[in-house]
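Below: the structure, in structure tokens.
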Amino acid sequence: MSRADVRKAILPAAGLGTRFLPATKASPKEMLPLVDKPLIQYAVEEAVASGIEDIIVITGRGKRAIEDHFDRSVELEENLKGNGKGQLLSQIRHISNLANFCYVRQSEALGLGHAVLCAQHLIGDEPFAVMLGDEIIDASVPAPSDAPSNLAVIGRYVLPPEIFPILRKTKPGKNGEIQLTDALRELAKSSPMYALEVKGNRYDAGDKLGFLIATVEFALKNPSLGSDFAEYLRNRMESAGEQRRTSRA
Ligand code: UTP
């Protein structure tokens with residue numbers, strides 16, 4: 001299997017986001033903004049950069065904002081055009097032109113493995129990627145010649161269609177959910193499994209602390225905000241240090 005064969009990516013986004021409550025009670029975790037882009041857009045851009053053409057998002061109740069985000073917003077476009085905000089307009093248009101989007105409902109959050117299984121009919125008999133939108137990978141996409149395998153771990157997987165019959169038989173595991181990891185363990189008994197070592201940082205942005213760390217790192221790297229934000233942090237650290245010294249004195 002070559003990387004060029006992988007054209008479709010499943011982005012499971014139907015989880016309940018309990019680690020981020022109450023923010024995720026009625027809003028999708030995947031739409032939490034990392035500086036100025038929702039988490040899921042980072043995963044979509046990463047998929048597109050690695051050659052994916054079709055994005056299948058697994059959604060559930062309360063996740064409509066994801067569909068709206070990747071759809072065109074004619075009214076907004078007209079407004080930006082009329083107000084001469086050309087740069088914003090091209091950014092907004094870029095989002096809906098990123099890939100072919102398709103949405104599948106997972107009617108009950110039965111686990112990541114189950115979410116992947118929900119897209120079986122759209123995958124057919126070809127390898128596909130699974131990318132978790134709440135895991136942010138800050139690294140460059142490896143060149144095809146450097147990618148030694150068709151399987152990777154930490155929120156990014158390339159899987160063969162043989163995983164589907166295994167997922168169908170996988171019983172609920174950890175947290176009572178149908179786990180992708182359990183199905184992968186089963187798959188590994190009949191076919192080799194490879195991991196690609198990626199040099200970069202990974203943030204679990206579905207967790208409050210992980211999200212805050214990712215926000216700070218991405219804000220510091222942001223070309224238009226980075227230096228002002230760094231200055232704010234420096235001043236903040238200095239005044240915190242001063243306060244500590246005063247309280248000790
Ligand atoms: P997580 O465990 O990180 O997400 O699942 P969660 O269940 O939404 O969050 P917590 O643990 O309750 O805070 C990894 C990914 O799998 C998706 C999630 O949306 C997330 O992107 N997922 C999980 C589904 O699509 N369906 C599920 O039934 C479970």
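Excluded from the calculations below are hydrogen atoms, water molecules and symmetry mates; all remaining heavy atoms, backbone and side chain alike, are included. First listed ligand is number 1; within each ligand, the first listed atom is number 1.
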- [ ] Looking only at distances, please establish whether an N/O atom of ligand 1 is found under 3.5 Å from an N/O atom of T18.
- [x] yes
- [ ] Of all the heavy-atom pairs spanning G60 and A14, show the shortest one and how long it is.
- [x] N-CB, 4.0 Å
Open item on the list: If hydrophobic clusters are built by linking Ile, Leu, Val, Met, Phe, Trp and Tyr wherever their side-chain heavy atoms come under 4.5 Å apart, do L122 and I10 end up in the same one?
Closed with: yes
Open item on the list: Atom CG of residue position D125 - does it have more than 12 heavy atoms of other residues, nucleotides or ligands inside 6.0 Å?
Closed with: no
Task: Contact (N/O only, under 3.5 Å) between G206 and ligand 1 - done: no
Task: Min heavy-atom dist E30 to ligand 1 below 4.0 Å - done: yes
- [ ] Provide, to 0.1 Å, the distance between atom 14 (C) of ligand 1 and the closest protein heavy atom, together with that atom's residue and name.
- [x] L132 CD1, 4.0 Å
TODO: Would you mind checking which non-hydrogen protein atom is closest to atom 28 (O) of ligand 1, with the distance to 0.1 Å?
DONE: G111 N, 2.7 Å
Task: Test item: I40 and L11 side chains (from C-beta on) under 4.5 Å apart, heavy atoms - done: yes
- [ ] Under 4.0 Å from a heavy atom of A13: give me the atoms of ligand 1 that qualify, with their elements.
- [x] 19 (O), 25 (O)
Open item on the list: Quick check on ring pair (Phe, Tyr, Trp, His ring centres under 6.0 Å): which of F229, Y42, F211 does F218 satisfy it with?
Closed with: Y42
TODO: Please could you name the atoms of ligand 1 that A109 approaches to less than 4.0 Å, counting only its heavy atoms?
DONE: 28 (O)
Open item on the list: With respect to F20, determine whether any N or O atom, backbone or side chain, lies less than 3.5 Å from an N or O atom of ligand 1.
Closed with: no
Open item on the list: Tell me every residue that passes ring pair (Phe, Tyr, Trp, His ring centres under 6.0 Å) with F70, counting only those two or more places apart in sequence or in another chain.
Closed with: F101
Task: Shortest protein heavy-atom distance from atom 2 (O) of ligand 1, along with the residue and atom involved - done: R19 NH2, 4.2 Å
Open item on the list: Counting non-hydrogen protein atoms only, what is the nearest one to atom 16 (O) of ligand 1? Give residue, atom name and distance.
Closed with: L112 CD1, 3.5 Å
Open item on the list: Within the structure, is a non-hydrogen atom of I58 found at a distance of less than 4.0 Å from ligand 1?
Closed with: no
Task: Heavy atom of protein inside 4.0 Å of atom 5 (O) of ligand 1, strictly below - done: no
Task: Within-4.5 Å side-chain heavy-atom neighbours: H69 and P38 - done: yes
Task: V216 and L233, any side-chain heavy atoms less than 4.5 Å apart - done: yes
Open item on the list: Quick check: do F164 and V116 have side-chain heavy atoms less than 4.5 Å from each other?
Closed with: yes
Task: Those atoms of ligand 1 less than 4.0 Å from some heavy atom in L110 - done: 28 (O)
Open item on the list: Below 4.0 Å, non-hydrogen atoms only: which portion of D207 touches ligand 1? Side chain, backbone, both or neither.
Closed with: neither
TODO: Just go through E108, K29, Q106, E135 and tell me whose heavy atom is the nearest to atom 26 (N) of ligand 1.
DONE: Q106
Task: ligand 1 N/O within reach of G15 N/O, cut-off under 3.5 Å - done: yes
- [ ] Could you list the atoms of ligand 1 found under 4.0 angstrom from a heavy atom of A115?
- [x] 24 (C), 25 (O), 26 (N)
Open item on the list: I want to check something: taking the side chain as every heavy atom from C-beta on, are E186 and K169 in contact at a cut-off of under 4.5 Å?
Closed with: no
Open item on the list: Are the side chains of I163 and L184 in contact, using a 4.5 Å heavy-atom criterion?
Closed with: yes
Task: Any N or O of E177 closer than 3.5 Å to N or O of ligand 1 - done: no
- [ ] Run the numbers on L39 and I136 for side-chain contact (heavy atoms from CB on, under 4.5 Å), then give the verdict.
- [x] CA-CA 7 Å; L39 292 176; I136 299 290; 3.9 Å; yes
Open item on the list: Is there a polar contact between ligand 1 and G133, counting only N or O atoms under 3.5 Å apart?
Closed with: no
- [ ] For ligand 1, indicate whether the residue P12 contacts it via side chain, backbone, both or neither (heavy-atom separation under 4.0 Å).
- [x] both
Can I get a per-line list of side-chain donor-acceptor pairs under 3.5 Å for residues 128-135, giving both atom names and the distance, sequence neighbours left out?
from : atom 1 : to   : atom 2 : distance (Å)
D134 : OD2    : K29  : NZ     : 2.7
E135 : OE1    : R202 : NE     : 3.0
E135 : OE1    : R202 : NH2    : 3.3
E135 : OE2    : R202 : NH2    : 3.1

TODO: Name the closest protein heavy atom to atom 8 (O) of ligand 1, giving the residue it belongs to and the distance to 0.1 Å.
DONE: G17 N, 2.8 Å
Open item on the list: Please list the nearest protein heavy atom to atom 25 (O) of ligand 1 with its residue and the distance rounded to 0.1 Å.
Closed with: A14 N, 2.9 Å
